[in-house]
Amino acid sequence: PYIIAEPCVDVKDKACIEECPVDCIYEGGRMLYIHPDECVDCGACEPVCPVEAIFYEDDTPDQWSGYVNANVDFFNEL
Ligand code: SF4
């Protein structure tokens with residue numbers, strides 16, 4: 001799946017939510033999260049993020065690698 005990383009924190013622009021064809025992007029307390037089991041890897045959300053917070057999981061920059069699990073954990077804790 002695609003994931004959302006640190007640039008989204010306290011931004012939550014939500015342009016990605018408008019683009020996602022399967023509505024798998026959800027709002028958390030300080031950022032948005034992509035449901036890893038619902039994302040169909042279409043990539044539509046990535047280019048519309050104004051702060052470039054969205055990455056295909058394997059392409060996530062090293063400094064934000066923890067956000068891959070953060071997107072999974074968010075839904076596990078619901
Ligand atoms: Fe939604 Fe596609 Fe982005 Fe996955 S890659 S979160 S399905 S817009």
Side-chain angles (χ1 to χ4, degrees):
Y2 278 70
I3 66 96
I4 300 178
E6 187 168 289
C8 185
V9 174
D10 294 333
V11 177
K12 296 200 291 188
D13 178 83
K14 300 181 185 170
C16 57
I17 290 178
E18 300 295 317
E19 292 297 319
C20 182
V22 294
D23 294 331
C24 69
I25 305 176
Y26 297 83
E27 184 171 0
R30 294 185 64 193
M31 60 177 280
L32 306 176
Y33 296 94
I34 294 173
H35 195 301
D37 298 329
E38 297 177 2
C39 175
V40 296
D41 291 346
C42 75
C45 54
E46 183 182 3
V48 301
C49 178
V51 293
E52 298 184 25
I54 304 177
F55 302 91
Y56 182 65
E57 62 177 337
D58 291 344
D59 297 331
T60 303
D62 287 345
Q63 72 266 35
W64 296 327
S65 59
Y67 282 86
V68 176
N69 280 335
N71 281 250
V72 174
D73 291 345
F74 175 73
F75 298 98
N76 286 338
E77 290 166 6
L78 289 180

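Model, not experiment: these values are computed from the prediction. Ligands are counted one by one from 1 in listed order, and the atoms in each one are counted from 1 as well.
Around atom CD of E52, no more than 12 heavy atoms belonging to other residues, nucleotides or ligands sit under 6.0 Å away.
Of all protein heavy atoms, the one closest to atom 6 (S) of ligand 1 is C24 SG, 3.4 Å. Atom 5 (S) of ligand 1 has its closest protein heavy atom at G43 N, 3.1 Å.
Residue C42 approaches ligand 1 through these ligand atoms, each under 4.0 Å from one of its heavy atoms: 2 (Fe), 5 (S), 7 (S), 8 (S). Atom numbering of ligand 1 starts at 1 in the shown order; those under 4.0 Å from a heavy atom of V22 are 7 (S). In the vicinity of P21, heavy-atom distances shorter than 4.0 Å reach the ligand 1 atoms 8 (S). Each of the atoms 5 (S) of ligand 1 lies under 4.0 Å from some heavy atom of Y2. Which parts of ligand 1 touch I34 is read off a 4.0 Å heavy-atom cut-off, strictly below it: atoms 6 (S).
Closest non-hydrogen pair, E46 versus I54, comes out as CG-O, 3.4 Å. Across all non-hydrogen atoms, the minimal contact from A53 to C8 is CB-N, 3.6 Å. Closest of all the heavy-atom pairs between G28 and Y33 is CA-CE1, 3.9 Å.
At a 4.0 Å heavy-atom cut-off, ligand 1 touches V40 through backbone and side chain alike.
Residues Y26 and F75 place their aromatic rings such that the two centres sit under 6.0 Å apart.
Within the set C49, C45, C20, the minimum heavy-atom distance to atom 3 (Fe) of ligand 1 is found for C45.
By the ring-ring contact (aromatic ring centres under 6.0 Å, His included) test, Y56 pairs with Y2, sequence neighbours left out.
Residue side and main chain included, C39 places no N/O/S atom under 2.8 Å of atom 2 (Fe) of ligand 1.
From I4, atom CD1 reaches atom CG of L32 across 5.0 Å, with rounding to the nearest 0.5 Å.
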